[in-house]
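Reading through the structure tokens given below for one structure.
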Amino acid sequence: MSSYRVKFSIWSDHTGTMEEIHTTSCSFENMTTEVVNFLGGTLTTAGAKTINLAPLYTTYRRFFMAVIKDNTLPNVYIQVGARRLRIPAGGAIFFMPNGNLQNISASSTVPRLTRDAVVDFNIHADTFLVGN
Amino acid sequence: MATVITKIEIFTTGTASSTSNQLYSYTNTITTPTAVLKYSPVVAVVAPGITIDFAPLGTTLYSFEVTNKSTTASVTCNFTSAAGAQSVVLAPGEFAVIPEATIAGDLTLISSVGTAECDVVAWGA
């Protein structure tokens, strides 16, 4: 069994001084396998890149995270099941926990709009089937 | 303008402050926000829940983060993205980081049972 902790922190200088304004974390306990990582995947101009979540048992998906590492892209769309969210210009972090992933479809899709972009995905699950 | 730095880290079992067991780390820096709002605490209640007005952020919502601090209640986060109405469910203790919802859509937090204390941080321009 493995346990993981995800920590998210925010700093801002909107008050005049750069300071940590918020930090939070949550734990995912007793996971039976290592994470499924898709790190540094390149989105091409050909269109969507689909990451197949089928190897993960649906009921054991624990969280989904994506970061768009190319901050110059105007927009990148991330679709997880019926959810379609947009990463704004300048980049962003996208993190959804357990409750959402129990009901998503078998793939997530990241279309890119203008040129290649590097994206990191971390998809954690208790158990996944062969293929990863 | 303000600079907003966000960082997400994944650790294996251990303390979140240690880097020795850090599996993954990513830091994003944006310099265009003009407003950062922290709503803490927000007490979510059962349906119809409590609504947070994003309008003070301006015209663009870059991202928001919600933490469900309850140990017993789940919290449903309803908001509007560029693709329409969305819903994210947070189990007790979980958080979500959501990029670019719409300002006009606001954010509604609905507790599954009783009340659930939450933290919300949003930044935009």
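So you know, we letter chains A, B, ... as the sequences are listed, proteins then strands, and number each from 1.
Closest heavy-atom contact between A:V6 and B:F95: O-CE2, 3.4 Å. Between B:V4 and A:I10, the closest heavy-atom pair is CG1-CG2, 4.1 Å. Residues A:T24 and B:E65 come closest through the heavy atom pair CG2-OE2, 3.2 Å. Across all their heavy atoms, A:C26 and B:G93 have their closest contact at CB-O, 3.1 Å.
To the nearest 0.5 Å, atom CD of residue B:E94 and atom OG of residue A:S27 are 10.5 Å apart. Rounded to the nearest 0.5 angstrom, B:E9 CD and A:S25 OG are separated by 10.0 Å. Note that OG1 of B:T6 and NE2 of A:H22 are 12.0 Å apart. Values are rounded to the nearest 0.5 Å.
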Table please: side-chain donor-acceptor pairs of residues 51-58 of chain B below 3.5 Å, with sequence neighbours left out.
unit_1	atom_1	unit_2	atom_2	d
B:T51	OG1	B:T108	OG1	3.1
B:D53	OD1	B:A55	N	2.9

Determine all donor-acceptor pairs shorter than 3.5 Å in which one atom belongs to a side chain in residues 112-125 of chain B; sequence neighbours excluded.
unit_1	atom_1	unit_2	atom_2	d
B:S112	OG	B:S74	N	2.9
B:S112	OG	B:S74	O	3.4
B:E117	OE2	B:K69	NZ	3.1
B:D119	OD1	B:S40	OG	2.7

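Using a 4.5 Å cut-off between heavy atoms, B:K7 touches chain A through backbone and side chain atoms alike.
Each of B:I110 and B:Y39 belongs to its own hydrophobic cluster when Ile, Leu, Val, Met, Phe, Trp and Tyr are linked at side-chain heavy-atom distances under 4.5 angstrom. In the hydrophobic clustering of ILVMFWY residues, with side-chain heavy atoms under 4.5 Å counting as a link, B:I30 and A:W11 come out apart. Connection of B:V66 to B:L37 is established within a shared hydrophobic cluster, with ILVMFWY side chains joined at heavy-atom distances below 4.5 Å, either directly or through further cluster members. In terms of hydrophobic clustering, with Ile, Leu, Val, Met, Phe, Trp and Tyr side chains grouped at heavy-atom distances under 4.5 Å, B:I5 and A:I21 are assigned to different clusters.
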Might you work through the side chain to side chain contact (heavy atoms under 4.5 Å, CB included) test for B:I10 and A:K7, ending with a clear yes or no?
-> CA-CA 6 Å; B:I10 301 173; A:K7 179 183 178 183; over 6 Å; no

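Between chain A and the residues B:T34, B:V36, B:T67, B:T31, the largest count of heavy-atom pairs under 4.5 Å involves B:V36.
Using a distance-only test at 3.5 Å, with no hydrogens or angles considered, a donor-acceptor pair links the side chain of A:D13 to the main chain of B:T3.
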